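Encoded as structure tokens, the structure appears first; notes follow it.
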Number of protein chains: 2
Amino acid sequence: MKAFYHKSLWTLFLILLPYLGWSQGEHPNLVLTAKGVEDLRTNLGKYPLLDKTFNKVKTRVLQALDEEINIPIPKDPGGGYTHEVHKQNYKKMYEAGLLYQIEQNDAYAEYVKKQLLGYAAMYPSLGLHPERKSSNPGVLFWQGLNDSVWLVYVSQAYDCVYDYLTKKERKEIEKNLFRPIVKFFSEQNVVNFDKVHNHGTWMVAGVGMISYVMGDEEMVQKTLKGSKLDGQSGFLKQLDELFSPDGYYTEGPYYQRYALMPFILYAHTLSHRNPELGIYEYRNGVLPKAVEAVLQLSYTNGRFFPINDALKEKTYNTAELVYGVDIAFTHFGQDAGLLSIAEEQGELMLGEEGVAVAKAIAEGKAKPFNYRSLELSDGSEGKNGGLGILRDGDQKDQLCLLMKYSSSGMGHGHFDKLSFSLYDKGVEVLQDYGAVRFLNTVQKQGGRYLPENKTWAKQTVSHNTVVVDAQSNYKGKQKVADKLNSEMFFTVFEDPKVQIISALDTTAYEGVKMQRTMAMISKGEHQKPWIIDLFRVNAEEEHQYDLPFYYMGHKIDSNIPFKIHSNQWNTMGDDHGYQHLWNMAEGNAASHLASFTWLQNERFYTLTSVANTETKYFMTQLGANDPEVNLRKDSGFMIRQPKAKAHTFLSVIEAHGEFNPNAEYTVNSESQLKDLKLLADTEEGSVVMLEDNSSQRWVLMIANQDAAKESKHTVTANGKTYEWVGPYQLQEMTSEL
Amino acid sequence: MKAFYHKSLWTLFLILLPYLGWSQGEHPNLVLTAKGVEDLRTNLGKYPLLDKTFNKVKTRVLQALDEEINIPIPKDPGGGYTHEVHKQNYKKMYEAGLLYQIEQNDAYAEYVKKQLLGYAAMYPSLGLHPERKSSNPGVLFWQGLNDSVWLVYVSQAYDCVYDYLTKKERKEIEKNLFRPIVKFFSEQNVVNFDKVHNHGTWMVAGVGMISYVMGDEEMVQKTLKGSKLDGQSGFLKQLDELFSPDGYYTEGPYYQRYALMPFILYAHTLSHRNPELGIYEYRNGVLPKAVEAVLQLSYTNGRFFPINDALKEKTYNTAELVYGVDIAFTHFGQDAGLLSIAEEQGELMLGEEGVAVAKAIAEGKAKPFNYRSLELSDGSEGKNGGLGILRDGDQKDQLCLLMKYSSSGMGHGHFDKLSFSLYDKGVEVLQDYGAVRFLNTVQKQGGRYLPENKTWAKQTVSHNTVVVDAQSNYKGKQKVADKLNSEMFFTVFEDPKVQIISALDTTAYEGVKMQRTMAMISKGEHQKPWIIDLFRVNAEEEHQYDLPFYYMGHKIDSNIPFKIHSNQWNTMGDDHGYQHLWNMAEGNAASHLASFTWLQNERFYTLTSVANTETKYFMTQLGANDPEVNLRKDSGFMIRQPKAKAHTFLSVIEAHGEFNPNAEYTVNSESQLKDLKLLADTEEGSVVMLEDNSSQRWVLMIANQDAAKESKHTVTANGKTYEWVGPYQLQEMTSEL
Ligand SMILES: [Ca+2]
Ligand SMILES: [Ca+2]
Ligand SMILES: [Ca+2]
Ligand SMILES: [Mg+2]
Ligand SMILES: [Mg+2]
Ligand SMILES: [Mg+2]
Ligand SMILES: [Mg+2]
């Protein structure tokens, strides 16, 4: 009896062996887990947002079940028929798999099974895609990237129906479909598998996830440490290099949103399967930081800051960030501000995390997202400059300034060193153009980036920053730009009276040092903080310095006696973006201050800048040399210092008043700035004086070369000496000063 | 005992006499009545919108009570200090009076009393206002119009505190303030008192209301029938002449909204005081019709159609229409659609009507306002042409077309004969420019109409209609325009497949007959109805015919091989508005159809028009010869037939597809119109053929000179004969046709 018992146990163990061990485990256990399934089953019908998401998925899956299964031989490039069908197929399998787990209705599993067997029947006969891209060829799709995304979804679908399939079915599917795909990626396409690049992340995520399902531990290790298992590539190296220590992805938020997706999905899988890795704590929690960073890189309207190639309309209400938000809420500290974003997203991740978010929302726990002033360093070591964000006010009416002093952002980067954008009252006020592209629109070159993206949107003059000699940064050479970056100088976020970002660049123009200090001064009496823009340029040779501002509203007034070009418009130049600007008007200032007021979104804005007799002003409109009318007809105001070695642009931007055409009143349509002076401006420091209409005067002192907290600064100009300690000092002006 | 009894009764009667009779009556009994007071008292605290309104008023009144009473000697013109103070004073008195009636707190009545006694103390010493306007001088204000408005409000305030005041106080106030004002209006300023004009309406309303309070029956009669009591002027004559039988006010909705106010307030008073007048039934209920008309003259975003001088931002959420909506709901038939407008207005009339509306809203009775297709005739007899409105779809996504074939609209009229505007998905798609004016904005000429209002906005070329020989209608002469008008031809509102407006003009250009037929065809398969625009022009001499379309979006595509003006822009002409248009591009069509697609508000629009070898096309942008940048930089697409006696512009406008940059998909960005032909086009009738991408063909036959229902039409062209009965016929095309 004992022997028999032992023998049977041993037999049982042998039978069960494939189902035990770390790699085989239970199913599903990638992004969706047994706990997730249990949470979903017990909580459906309780929380509106959960039910809404579930019903949307179920509607789509029921529709898929009604259709013939269609697995065409790959033929068409992106956007073409077979491309779209294979894209639809992975989504359908994925959602049918989810639904099978939740409802345990065999029809869903049958659907996934038929799809998988169909793919397994076709795959061995396929070679490389006929329209393949050379850099990363695919089999099912023209790009290996698409094959990787397919695998990320389909491995989850397979995981969901794993237990439903017979051993024979699994064997067939793995042998003819998944093993060949894994082999293709990890051997034939190993260059991309080992790339420390977003395409590599999708690939290792897909391979890793299917390898967990198939129990291929060695392959999982390769996804983590690279094909040579030397740690020089793979997921961990990607986590090391593709984000800065603050979680910033160098291409900017528009691409960060997309790049995050495979990181989150695979990391979440790893958090279940290899918890000892502590993947969410990896690199001081770089992934949680990356999720917060991408959200902080949006304005209160949910739109991402459109730096580099970016579509302005893109918001955080995007499928990719549903995972990020739900996982972050559930596992990174229950931040109630994430719940309001989940509400706006209007859908959830179907899993433990979605249930947790739905429950918390139903319990009324949602709060506005905690937008804050912050800096995000760029570069894997955080040493390649970064982005600085200043904010004032709540979600309803927030003044927000973004300054960019990062590295270039690779192929999608713009020549926008030290540029800034300004937002207020829910909209852009001083813009970064974004990208010239009409996504997915056939008539606009099929939705590709248009020629003017390069000739205008990437050029320096399309940004709110200094252009030297009417040329772009690095003379417009991307390869040079890729190696260089601006630098942070100092930031101030905690002073209730003033917030500051100060950064500099010595790389964009040979022999030219540029330093920009932007401050938001909250004087209290005014509707909105005033923005000080102190832009110092220094060179050994004489140059022309242009500083454009692209405002979004309608010009209301200016004290500049502009000569308007009434009957004929000509361009501002021939290249570097100037060929796209119409010269509407030009003039020299009538006094030491030049003001320009515009109206936007029922609020007035005035930019007042210090002028000298040389300073020239232009009003511009975008749209010259634009044969297909790809550009918007945006307005610009440009300050030009025609010839100088050193020049400092000092400006103040005020948001003021209200234009209410419906209730028919207008208040404070005029600036409240009475005077603005640069009292001193040396290598050591600059001293700015502001006076408002009530004759209150304030002085802001800024260090220019030593930002240490304890450093003492002494600057003398016009017989007066100004002294302060630390990077800045703001004070009311007294007679002694 | 009997004698004593009789004598006492007699004495009592004598004592009471002044308080009985029609004229003395109870107080308040103008717009607010005893029933209104009772309703307010018993329903406060029950309905959110009522409480919100009440609290706003009370907050303002409590603040007024805290301030010193300030009644300055009139000195400043509109916008100036004394002007603003006297405006504030009448509002404060009015609201304090209301509050006294509701809460019976003597502090409110005391406030009104002090103001009234203050005015009574000052008024006798005043002459005409030092800054008076010559046409309608005032005493308290520069314009008599403002004095009239003051009186409309203050008579209500006086009525509210009448019973609180002592007889002596009343005597003083009437003798030194109200009687002199009435005398001033009805004698010294009798020209305006007797004017059949909106200024006259404010004046008779004010005089009538105070006369009711004072018991001056004869003066009330003068307000109704004119100073000579001959019915040639006064309120009833104004009702006869200032509205068309359909309730349209010839200046257009922007001014109708304002003009309605004194009509409604005084009519409501009359409905209480002289119910036998049946004022709301007067002229077949022209006042109720006028309230509905002004609401129908808005789009689903609440904005009024900006025909003539009009600010585009103006919506029905305006104080003037709160009275109109609440009275209309309560007394003209409980239209639940008015409740949703009241909700959007966010405030109520404090009276019986406001209570009724608040109650109905609280009971959940509000429905979307019933926007419908309709015609509004112009002219006191309804014979001066009019406006036609076609609508398709509900509040969320309504396609709406407005065509204007009315008289000119007096001093605020535009030279816009047969022009149209198109709205879709909540916004303007093909625009009427509106007015060039930045209301109340000091830097823009103090908020006045700007020079470009005359040189651009009024001109024919700024409208979506034909311009003959690059000149405006009537050569831009307002006095000629004032006497002439276009004419209705026929309308079709009830056919589920097609709605039509057809109108003509023989007055705008000497020797030129213009006829425009616009149809909305609902073929069912398409996302949105297609719009057919058939614009026939006939002249004895050869002319140049331009037909511009001012679209609001971004150009996406065109099959016209445009020559783009890349490096230099010049103007389209020198006068009649052409001097403000930049010529961006020009070209001739490449085939018999010219298409132009733009993107707006995430939807595509394509205008396809029939071309011949002579037809020229222009892309334009607004903003030339605009020294102060008063104009928007709007885009235009212009069709030009350079030289023809007769020409017919045939176009189809499609709304199609979706551009979703956030979810990153685009569908149906291309037109679904495959072919468009003018099969026949004679004086008798026109035959239009449309074919869509699925090769379905439809034919629309339109009568051109006889729109009678029973008339038979036979038109022969290219060997084919088309026959139909009535003004139009729409049918699927078969081979026999
Ligand atoms: Ca192309
Ligand atoms: Ca007439
Ligand atoms: Ca000015
Ligand atoms: Mg940019
Ligand atoms: Mg000016
Ligand atoms: Mg107009
Ligand atoms: Mg094209």
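Remember, predicted model here, so these are calculated numbers, not experimental data. Letters A, B, ... are given to chains in the order of the sequence lines, protein chains preceding strands, and every chain is numbered from 1.
Residue with the most contacts toward chain B among A/Lys444, A/Glu664, A/Glu313: A/Glu664 (heavy-atom pairs, distance under 4.5 Å). When each of A/Asn317, A/Val667, A/Thr441, A/Thr318 is checked for heavy-atom pairs under 4.5 Å with chain B, A/Thr441 comes out on top. Considering only heavy-atom pairs separated by less than 4.5 Å from chain A, the leading option among B/Asn660, B/Leu631, B/Asp626, B/Thr597 is B/Leu631. The most heavy-atom pairs under 4.5 Å with chain A, out of B/Ala319, B/Gly623, B/Pro627, come from B/Pro627. Heavy-atom pairs under 4.5 Å with chain B were tallied for A/Leu599, A/Asn625, A/Ile564; the largest tally goes to A/Asn625. Here A/Asn630 is the residue among A/Asp574, A/Leu311, A/Asn630 with the most heavy-atom pairs under 4.5 Å with chain B. Ranked by heavy-atom pairs shorter than 4.5 Å toward chain A, the options B/Lys633, B/Met619, B/Lys555, B/Lys563 are led by B/Lys633.
Proximity to chain B (any heavy atom under 4.5 Å) is restricted, for A/His565, to the backbone atoms N, CA, C and O. Residue contact with chain A, scored on non-hydrogen atoms closer than 4.5 Å, is absent for B/Leu581. Neither the backbone nor the side chain of B/Phe562 comes within less than 4.5 Å of any heavy atom in chain A. Contacts between A/Ser635 and chain B at a heavy-atom distance below 4.5 Å involve backbone atoms as well as side-chain atoms. For chain B, the nearby part of A/Asp634 is the backbone; its heavy atoms alone come within less than 4.5 Å. In this structure, chain B has no heavy atom under 4.5 Å from any part of A/Gln579. Only the side chain of B/Tyr254 has a heavy atom closer than 4.5 Å to any heavy atom of chain A. When heavy atoms are compared at a cutoff of 4.5 Å, B/Phe659 approaches chain A solely by way of its side chain, counted from C-beta outward.
No more than 12 heavy atoms of other residues, nucleotides or ligands shown are found within 6.0 angstrom of NZ on B/Lys87.
Of all heavy-atom pairs spanning B/Pro451 and B/Gln445, the tightest one is CD-NE2, 3.7 Å. Across every non-hydrogen atom of A/Ala435 and A/Ala457, the tightest pair is CA-CB, 4.4 Å. Across all their heavy atoms, A/Ala259 and A/Asn198 have their closest contact at CA-ND2, 3.0 Å.
Between the OH atom in B/Tyr81 and the NE2 atom in B/His86 there is a gap of 9.0 Å [rounded to 0.5 Å].
Counting only N and O atoms by type, the side chains of B/Asn567 and A/Thr571 include no donor and acceptor under 3.5 Å apart.
When atom types are taken as modelled, the side chain of A/Asn559 and the backbone of A/Leu593 share a donor-acceptor pair closer than 3.5 angstrom. Judged purely by atom type and a 3.5 angstrom limit, A/Gln600 uses its side chain to pair as donor or acceptor with the backbone of A/Glu428. A/His412 contributes no side-chain N or O that, together with a main-chain N or O of A/Asn308, makes up a donor-acceptor pair within less than 3.5 Å.
In summary, of the residues considered (A/Glu344, A/Arg303, A/Arg257), a side chain to side chain donor-acceptor pair (under 3.5 Å) with A/Tyr316 occurs for A/Glu344 alone.
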